[in-house]
*Asks:* 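Take a look at the following structure, please.
Values in this document were obtained by computation on a predicted structure and should not be read as measured data. Note on naming: letters A, B, ... go to the chains in the order of the sequence lines (proteins, then strands), and numbering restarts at 1 for each one.
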Amino acid sequence: MVSQFQPAGPAMEMGTAFSVQHLSFFYGQERVLTDVSLDIPQRRITSIVGPSGCGKSTFLRVLNRLYEVVPSARAVGQVWFEGRDILARGTDVVDLRRRVGMVFQKPNPFPKSVYENVAYAPRIHGVRKRRVLYDIVARALGQAALWEEVHTRLGKSAFDLSGGQQQRLCIARALAMEPKVILMDEPTSALDPTATAKIEDLITVLKDTYTVVIVTHNMQQAARVSDLAAVFLTGGEMVEYDETNRIFENPNDKRVEDYVTGKFG
Amino acid sequence: MVREKYRQQLVGLQEATVAMGADAAQRLERAIGLLRSPGAEDARAFVDEDEAIDHQYLDIERRCLDLFALQQPVAGDLRLIAASFKISTDIERVADLALNLAQYAQDLHANLQFLPEPDGLFSLGRQALHMLQRAVHAYATRDEDAALHVIHADEQADQLFWDLTHTLVSTLMNTCRARADLPEDTASGIVGLLLALRDLERAADHAVNIAARTIYMCTGQSSFV
């Protein structure tokens with residue numbers, strides 16, 4: 001597979017995964033993101049937090065153009081990734097999504113075996129050799145901290161796994177394509193505290209290899225796992241973006257202070 | 001309702017810390033008064049009252065731990081709780097120092113003769129008390145400028161402390177040189193005064209700590225801590 005997203009020496013700082021510039025977003029006439037600009041660093045965990053309806057999930061969906069499934073959706077601005085503006089015409093969105101994987105709020109395994117869930121994407125991207133596929137599955141399940149728990153039942157239905165295991169299976173499914181970035185949209189909101197802790201541990205391990213962008217309603221989760229935090233407020237405005245400890249200890253913006261301390265939102 | 005209760009708990013924590021600070025300042029003021037007039041009150045009252053200060057301290061600590069564990073505070077709330085947690089420790093230490101001073105006030109008063117200008121000791125006491133009162137007020141009103149003033153005032157307290165210490169040590173050395181056998185009451189008298197000076201200087205240092213934590217609470221800057 002040859003990706004069109006090869007580093008082309010754009011005006012991006014070294015170590016930047018995404019450079020988002022003046023991004024606004026609309027569903028029909030309704031504006032949900034307003035002039036958002038930020039650089040998301042490589043191999044760090046960036047959390048996007050904010051009240052319901054602030055556009056944080058929409059922002060995540062811009063990063064792999066998943067918003068296109070909504071007919072009236074329209075993004076304005078630039079999002080640079082590996083030397084290209086992914087909002088530009090001619091972007092190969094299939095290739096983009098291979099390099100920018102997504103994990104959703106609720107575990108959504110395919111109605112297939114554990115093995116087939118992970119092997120599915122590599123296979124449709126042309127990997128045919130059984131040994132190679134097995135190695136990919138084993139590596140992805142290992143990276144998702146699931147191998148030890150499922151390697152004796154790879155042929156069983158994915159639905160037989162617990163909720164937490166299913167979510168890690170979905171992460172393994174994303175990792176199978178060796179993406180550069182993992183987007184996570186409230187990945188633990190449907191899980192109990194034990195399963196949540198496992199996913200959070202996994203996220204912190206993944207950043208050694210991948211760039212992680214996580215949307216979460218859970219302030220403590222953002223504080224625990226992320227290196228940087230971007231706070232979006234109603235109207236789709238990003239009002240502060242900084243090191244996470246700064247956001248949660250001494251934010252600059254009064255609105256962020258009020259939001260993180262629960263005075264509104 | 002839950003958030004309103006939380007906000008009330010934060011207000012309650014700050015009020016409890018201010019009240020404890022006011023009590024400790026009052027004890028320090030009375031202890032300094034005892035140095036001047038040892039018969040003004042029974043020093044044993046300080047021992048009984050110290051238990052009350054300890055209870056206040058444990059109450060504030062409990063409030064802070066509950067807020068940390070149950071509310072997972074962030075930003076300004078986090079800084080208020082963290083500052084109060086540390087400040088209550090400084091206040092408790094000031095109360096202990098006041099107890100020390102009160103307990104040896106009788107002996108100290110008799111030994112003021114070893115200081116050429118006994119008023120220096122009371123000046124240091126006044127300075128420490130003023131710094132403590134101002135630091136607690138700065139915390140109560142979230143006044144970072146007043147807190148900074150307390151930090152700067154410590155230079156004057158330190159200077160007084162070193163001048164008086166130097167005078168007492170010189171007296172001790174001169175007495176040693178003049179006489180082969182240093183009278184026991186002279187030695188213990190001077191050492192007692194040195195301890196009193198150290199206690200007052202430490203009280204001023206705790207006021208500085210309270211001011212530094214107040215600045216952190218107000219601004220997030222911990223450079224003075």
Side-chain angles (χ1 to χ4, degrees), chain A residues 45-52 54 56 186 188-189 191-194 196-197 200 204 214-234 238-265, chain B residues 1-17 63-87 138-145 147-148 151 209-225:
Chain A
I45 301 166
T46 302
S47 61
I48 313 293
V49 297
S52 297
C54 70
K56 55 189 187 296
E186 307 251 12
T188 63
S189 61
L191 303 181
D192 68 23
T194 306
T196 295
E200 289 181 358
T204 56
I214 178 171
V215 161
T216 178
H217 261 117
N218 183 332
M219 290 291 159
Q220 277 68 44
Q221 180 169 71
R224 281 193 298 269
V225 305
S226 68
D227 302 302
L228 294 133
V231 183
F232 285 51
L233 293 182
T234 307
M238 187 190 75
V239 289
E240 194 158 347
Y241 178 49
D242 208 332
E243 298 285 335
T244 301
N245 58 353
R246 176 92 186 169
I247 293 283
F248 286 97
E249 188 181 348
N250 191 22
N252 279 323
D253 194 292
K254 177 70 168 62
R255 292 168 296 173
V256 173
E257 167 94 24
D258 288 347
Y259 175 66
V260 297
T261 57
K263 287 173 188 153
F264 80 83
Chain B
M1 286 298 284
V2 173
R3 298 310 288 178
E4 181 56 30
K5 185 182 168 197
Y6 170 52
R7 301 245 73 83
Q8 286 171 1
Q9 287 171 326
L10 291 176
V11 170
L13 170 65
Q14 194 174 12
E15 287 175 350
T17 309
R63 288 173 190 243
C64 291
L65 291 176
D66 284 350
L67 285 162
F68 280 132
L70 303 178
Q71 301 290 351
Q72 297 170 316
V74 295
D77 298 347
L78 172 69
R79 300 199 306 273
L80 166 68
I81 300 165
S84 303
F85 193 78
K86 297 293 288 183
I87 284 172
Y139 164 80
T141 57
R142 297 174 186 253
D143 185 343
E144 61 191 86
D145 292 333
L148 195 59
I151 289 169
N209 290 350
I210 294 166
R213 297 289 172 187
T214 297
I215 289 171
Y216 167 74
M217 179 179 79
C218 295
T219 67
Q221 301 304 312
S222 52
S223 51
F224 293 106
V225 174

*Asks:* Would you check, one step at a time, whether the test side-chain contact (heavy atoms from CB on, under 4.5 Å) holds for Ile48(A) with Phe232(A)?
*Replies:* CA-CA 7 Å; Ile48(A) 313 293; Phe232(A) 285 51; 3.6 Å; yes
*Asks:* So how far is it from Leu67(B) CG to Leu65(B) CG, rounded to the nearest 0.5 Å?
*Replies:*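 Here the rounded value is 9.0 Å.
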*Asks:* Considering distance alone, list the donor-acceptor pairs between chain A and chain B shorter than 3.5 Å.
*Replies:*
from      : atom 1 : to        : atom 2 : distance (Å)
Gln220(A) : NE2    : Gln72(B)  : O      : 3.3
Phe248(A) : O      : Ala75(B)  : N      : 2.5
Glu249(A) : O      : Arg79(B)  : NH1    : 2.6
Glu249(A) : OE2    : Tyr216(B) : OH     : 2.5
Asn250(A) : OD1    : Arg79(B)  : NH1    : 3.1
Asn250(A) : ND2    : Thr219(B) : O      : 2.8
Glu257(A) : OE2    : Gly76(B)  : N      : 2.7
Thr261(A) : O      : Arg3(B)   : NH2    : 2.6

*Asks:* Nearest heavy-atom pair of Ala211(B) and Ala147(B): which atoms, and what distance?
*Replies:*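 In terms of heavy atoms, the two residues are closest at CB-O, 3.3 Å.
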*Asks:* Does Gly50(A) offer a backbone N or O that forms a donor-acceptor pair with the side chain of Lys56(A) under 3.5 Å?
*Replies:*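 Yes, because the side chain of Lys56(A) sits within donor-acceptor range (under 3.5 Å) of the backbone of Gly50(A).
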*Asks:* What are the two closest non-hydrogen atoms of Leu191(A) and Thr196(A), and how far apart are they?
*Replies:*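 Looks like O-OG1, 3.5 Å.
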*Asks:* Work out which heavy atom in Ile215(B) is nearest to a heavy atom in Ile151(B); give both atom names and the distance.
*Replies:*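 Where Ile215(B) meets Ile151(B) most closely, the heavy atoms are CD1-CD1, 3.6 Å.
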